[in-house]
There are 2 protein chains.
Amino acid sequence: MTDSQGALAGKRERLVDGASKLLHHNGVAATTLADIAQAADVPLGNVYYYFKSKDELIRAVVAEHIEQVDTMLNTLDAIPAPADRLKALVRRWDHMREVIARYGCPFGTLACELDRRSDGLDLEAAGPIRLILDWSAAQIQHLSSADPHELAITLFAAVQGGALLANALRDPDIMSGIADLPTAQSAWF
Amino acid sequence: MTDSQGALAGKRERLVDGASKLLHHNGVAATTLADIAQAADVPLGNVYYYFKSKDELIRAVVAEHIEQVDTMLNTLDAIPAPADRLKALVRRWDHMREVIARYGCPFGTLACELDRRSDGLDLEAAGPIRLILDWSAAQIQHLSSADPHELAITLFAAVQGGALLANALRDPDIMSGIADLPTAQSAWF
DNA sequence: GTCTATAAGGCGATAGAC
DNA sequence: GTCTATCGCCTTATAGAC
């Protein structure tokens, strides 16, 4: 119950964690329930005791992402200066550069793939992105007289665009280049 | 033979054009050969006379994208000043902002979805992006003493990140905001 | 070259024993 | 609550008439 990664965690938790990883690495469409069940060491038929459909399992993954972002932003709030909080945010993506170069940003790629749907899931998948943008805008409000919403978008667009290019070109250094930008360093705040 | 969009174009051309649109709007996985055949007004079984598999049809779509980018860049080359060429490049994406807000950048989303594969198609899908980056770097070389490759990535990352956020938030104005940036305006070249 | 009919396989989802 | 067996559908791909 307490272990968030290992085999001792609850079955529901193992299913969500396994699905999260597989969706990121292989994409939504290529990931089957059989794959997820195997990764979580749960028999296929038992998945439906915890989730009534594949879509609902994906929804749980999105909710888990939102939870992770929320935790991350709360951690960043402990940093005294707002400008340093923003720099630390960008540094998080730089630290994930190897994974990003292979599989892209987990939030960005999932939003991109689910955005093509017209059930509610397309908008839900934007949740983590909305959270980060709103938080960033709040930090910027302390720093600049310019439009915080617009500056937040500029900042995170650089991160997401950098992640996309790093992934397409399989080049982790692109993420570092983005993190070193004056933009990301909040020199213009 | 000469019509590139209408029903008079050759079947192969209609198939590629229809597939290109459907892959952009619905994604690779959700698009079936039956959908493509119907959009192109070609019987399902006949598709296999022109393409030996779905993957090869997707490959043809990527090749078509590369062709389109090549044509676009040649057109931009007619603009006298390199700085104006770069601005015009970014403006192209701004002009597509409504489509981008609904379906994302055609090149970016396709690269993102195909990047999760390990056959050759993942790297081929990065072709349009590579072309644009190389061309941008060449323009920047006329303008700045800084690293042209890095500046080109900064510029196009802003465009691609903006497209991703515009799509996730369903907000076309984000694309305009990116186009108005000093970065995109090449103020720092 | 064109098209219909269908084969072959994989998937999400369910039934029902335990 | 757990798990096995399997159903029914959809998709890619092919066989073969025209």
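Comparing D:dT4, D:dA13, C:dT4 by their nearest atom to the side chain of B:Pro43 picks out C:dT4. Set against D:dT11, C:dG12, D:dC3, the side chain of B:Thr32 has D:dT11 as its closest nucleotide. Checked against D:dA13, D:dT2, C:dC3, the side chain of A:Asn46 finds its nearest nucleotide in D:dT2. Here D:dT2 is the nucleotide among D:dT2, D:dT12, C:dA13 with the atom lying nearest to any side-chain atom of A:Lys11. Closest contact between the side chain of B:Ser53 and the listed nucleotides D:dA13, C:dA13, C:dT4 involves D:dA13.
At whole-Å resolution of the value, CZ in B:Phe51 and C1' in D:dT12 are 16 Å apart. Distance, A:Ile58 CD1 to C:dA13 C1': 14 Å, rounded to whole Å. Rounded to an integer number of Å, the gap from CZ of B:Arg12 to P of C:dT2 is 13 Å. Here D:dT12 presents its C1' atom at 13 Å from CG of B:Asp35, a figure rounded to the nearest Å. Between the CD atom of A:Gln38 and the P atom of D:dT4 there is a distance of 13 Å, rounded to whole Å. The interatomic distance linking A:Leu33 (CG) with D:dC10 (P) rounds to 17 Å, in whole Å. In this entry the distance linking OH of A:Tyr49 with P of C:dG12 reads 22 Å, nearest Å. In this structure, B:Lys52 atom NZ and C:dG1 atom C1' are separated by 20 Å, rounded to whole Å.
The number of heavy atoms from other shown groups lying within 6.0 Å of CD (B:Glu67) does not exceed 12.
Taking only side-chain nitrogens and oxygens, B:Tyr48 never comes nearer than 4.0 Å to OP1 or OP2 of D:dT14. Remark: B:Tyr50 is not in phosphate contact with C:dG1, judged by side-chain N or O atoms under 4.0 Å from OP1 or OP2.
A donor-acceptor contact closer than 3.5 angstrom is absent between the side chains of A:Asp17 and A:Ser20.
B:Phe156 and B:Trp93 have their aromatic ring centers within a separation under 6.0 angstrom.
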Q: Walk me through it: do B:Ser176 and B:Asp173 pass the test side chain to side chain donor-acceptor pair (under 3.5 Å)?
A: CA-CA 5 Å; B:Ser176 304; B:Asp173 294 342; 4.9 Å; no
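Put simply, the side chain of B:His24 gets close to the backbone of B:Gly104: a donor and an acceptor are under 3.5 Å apart.
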